[in-house]
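In what follows, a structure is listed as structure tokens, so that the remarks can point back to it.
In what follows, chains carry the letters A, B, and so on, assigned in the order in which the sequence lines appear, proteins first and then strands, with residues in each chain numbered from 1.
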Number of protein chains: 2
Amino acid sequence: MSNDIYDMYASIFKALAHPTRLKIIELLATHGEMCVCNIGEKLNIDQPSVSKHLSVLKNVGIIESKKQGLTVNYKIRMPCVVDFLRCANEVIKADLNDKFALSRKMIAEIKEEK
Amino acid sequence: MSNDIYDMYASIFKALAHPTRLKIIELLATHGEMCVCNIGEKLNIDQPSVSKHLSVLKNVGIIESKKQGLTVNYKIRMPCVVDFLRCANEVIKADLNDKFALSRKMIAEIKEEK
DNA sequence: TTCCTATATGCTAATATTGGAATATAGTTA
DNA sequence: TAACTATATTCCAATATTAGCATATAGGAA
């Protein structure tokens with residue numbers, strides 16, 4: 001496959017590689033359509049930041065916008081992002097459980113050595 | 001939800017936000033388990049680069065490794081990455097089709113104006 | 001028209017990521 | 001043991017991303 005397609009994929013992941021943008025996506029996933037000001041209020045972020053993050057997500061096709069009078073409404077256009085987040089969450093949870101179990105075991109071993 | 005979980009999500013996406021690492025994932029998805037040297041050969045990348053990219057993917061739990069004698073074999077641990085790539089591909093294709101149709105339309109209009 | 005409100009963009013210093021070359025490590029074989 | 005092979009790590013200059021602030025634009029109301 002051509003190199004360009006991998007650059008396109010990478011730019012999608014790059015757009016997703018920011019905690020604030022992921023919060024925005026979760027917000028849009030649960031609330032459906034939202035305007036810039038409401039996103040900023042909910043996440044407690046200043047307006048220019050919200051606009052910039054939204055434009056990053058929009059440029060790669062993850063979300064889309066619709067102008068309605070003064071406000072601009074954004075919504076998710078790539079629902080698989082939400083599916084992926086759900087799956088990643090499972091993996092993260094499993095990892096944390098493993099680490100927790102390991103530390104419990106190590107603590108138990110230290111106690112036994114006494 | 002706590003901020004940390006979004007940082008974890010973001011670090012997963014950050015790991016995926018590189019064309020070479022996506023190529024590695026596709027390779028592992030189609031070939032199953034592979035050692036560092038075979039990945040390097042297939043993608044024509046020097047060994048230290050491959051190792052570095054693999055460690056980025058491993059650190060966030062996307063892939064896992066198993067030592068067998070001298071070689072280290074890597075395989076995918078988060079299959080939803082592959083699902084997501086498939087879905088992203090659909091969106092990218094649709095976007096390209098739209099752009100192509102638009103440029104055809106514009107060319108037709110320019111011809112009509114003559 | 002002027003004012004107001006919602007949104008977008010530009011600028012810049014601080015920070016993070018990358019690629020490439022050199023080097024280190026850890027098993028394996030002789 | 002010494003030499004070899006596969007893999008990992010370190011260092012650094014170049015490049016990209018970010019946060020924060022200031023400013024621009026566009027549509028609606030007065």
Side-chain angles (χ1 to χ4, degrees), chain A residues 3-4 6-25 27-28 31 33-77, chain B residues 3-4 6-25 27-28 31 33-77:
Chain A
N3 270 328
D4 295 341
Y6 290 100
D7 287 339
M8 286 183 189
Y9 287 148
S11 67
I12 291 177
F13 285 114
K14 214 170 282 185
L16 292 166
H18 194 291
T20 302
R21 291 198 284 270
L22 293 173
K23 286 182 199 172
I24 289 174
I25 286 171
L27 209 55
L28 293 178
H31 289 74
E33 234 171 76
M34 282 182 85
C35 69
V36 179
C37 54
N38 285 348
I39 295 170
E41 272 172 30
K42 282 268 187 187
L43 300 181
N44 202 27
I45 309 171
D46 62 296
Q47 178 273 317
S49 284
V50 177
S51 273
K52 261 191 283 189
H53 284 306
L54 286 169
S55 88
V56 172
L57 291 170
K58 188 186 168 186
N59 282 337
V60 297
I62 297 172
I63 60 176
E64 61 189 332
S65 67
K66 194 172 52 179
K67 206 165 217 166
Q68 284 178 328
L70 269 182
T71 69
V72 179
N73 280 7
Y74 285 86
K75 70 175 173 185
I76 291 180
R77 187 171 159 260
Chain B
N3 270 329
D4 294 341
Y6 290 100
D7 286 338
M8 287 185 187
Y9 287 147
S11 66
I12 291 176
F13 285 114
K14 215 170 281 183
L16 292 166
H18 193 289
T20 302
R21 293 198 283 271
L22 294 173
K23 285 182 197 171
I24 290 175
I25 286 172
L27 210 55
L28 293 178
H31 289 74
E33 232 171 78
M34 282 182 88
C35 69
V36 180
C37 55
N38 285 347
I39 295 169
E41 272 172 30
K42 283 271 187 184
L43 300 180
N44 202 28
I45 309 170
D46 63 295
Q47 178 272 316
S49 284
V50 178
S51 274
K52 261 192 288 187
H53 285 306
L54 286 169
S55 85
V56 172
L57 292 171
K58 189 187 167 188
N59 283 337
V60 298
I62 296 172
I63 61 177
E64 60 188 334
S65 67
K66 193 170 54 179
K67 206 166 219 165
Q68 285 178 327
L70 267 183
T71 68
V72 179
N73 280 7
Y74 284 86
K75 70 174 176 186
I76 290 180
R77 188 170 158 261

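Along DNA chain D, the nucleotide nearest to Pro48(A) and the one nearest to His18(A) differ in position, and the one closer to the 5' end is contacted by His18(A). Residue order along DNA chain C, read from the 5' end via each residue's closest nucleotide, puts Asn73(A) first among Asn73(A) and Lys52(A).
Of the inter-residue distances, the one linking Asn38(A) atom CG with Leu43(A) atom CG reads 10.5 Å to the nearest 0.5 angstrom.
At a cut-off of 3.5 angstrom, the base of dA8(C) holds at least one donor-acceptor pair with the side chain of Gln47(A).
Put simply, CG on Leu54(B) is 16 Å from C1' on dT18(C), counting in whole angstrom units. Taking atom CG of residue Leu43(B) and atom P of nucleotide dG19(C), one finds them 13 Å apart after rounding to whole Å. Distance NZ (Lys66(B)) to C1' (dT7(D)): 17 Å, rounded to an integer number of Å. Protein atom CG of Leu70(A) is 6 Å distant from nucleotide atom C1' of dA6(C), rounded to whole Å. Atom CD1 of Ile63(B) and atom C1' of dT7(D) are 13 Å apart (whole Å). One interatomic measurement links the two molecules: CG of Asp46(B) to P of dA22(C), which rounds to 12 Å at whole-angstrom precision. Remark: P of dA6(D) and CD1 of Ile39(B) are 14 Å apart, rounded to the nearest angstrom. Here the C1' atom of nucleotide dT18(D) and the CG atom of Leu22(A) are 15 Å apart, to the nearest Å.
Counting heavy atoms from C-beta on, the side chains of Ile63(A) and Lys58(A) come closer than 4.5 Å.
Distances shorter than 4.0 Å separate none of the side-chain N or O atoms of Ser51(B) from OP1 or OP2 on dT7(D). Contact annotation: Tyr74(A) side-chain N/O to dA8(C) OP1/OP2 distance is under 4.0 Å. Put simply, Arg21(B) has no side-chain N or O that comes within less than 4.0 Å of OP1 or OP2 on dG19(C). Remark: Lys14(B) is in phosphate contact with dT17(C), judged by side-chain N or O atoms under 4.0 Å from OP1 or OP2. Between His53(A) and the phosphate of dT18(D), there is no side-chain N or O to OP1/OP2 separation shorter than 4.0 Å.
Just one residue in the list Ile24(B), Ile62(B), Val72(B) forms a side chain to side chain contact (heavy atoms under 4.5 Å, CB included) with Leu54(B), and that residue is Ile24(B).
Between the side chain of Arg21(B) and the backbone N or O of Leu57(B), no donor-acceptor pair lies under 3.5 Å.
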| Audit row: Phe13(B), Leu22(A), side-chain contact (heavy atoms from CB on, under 4.5 Å) steps and yes/no | CA-CA 10 Å; Phe13(B) 285 114; Leu22(A) 293 173; 3.6 Å; yes

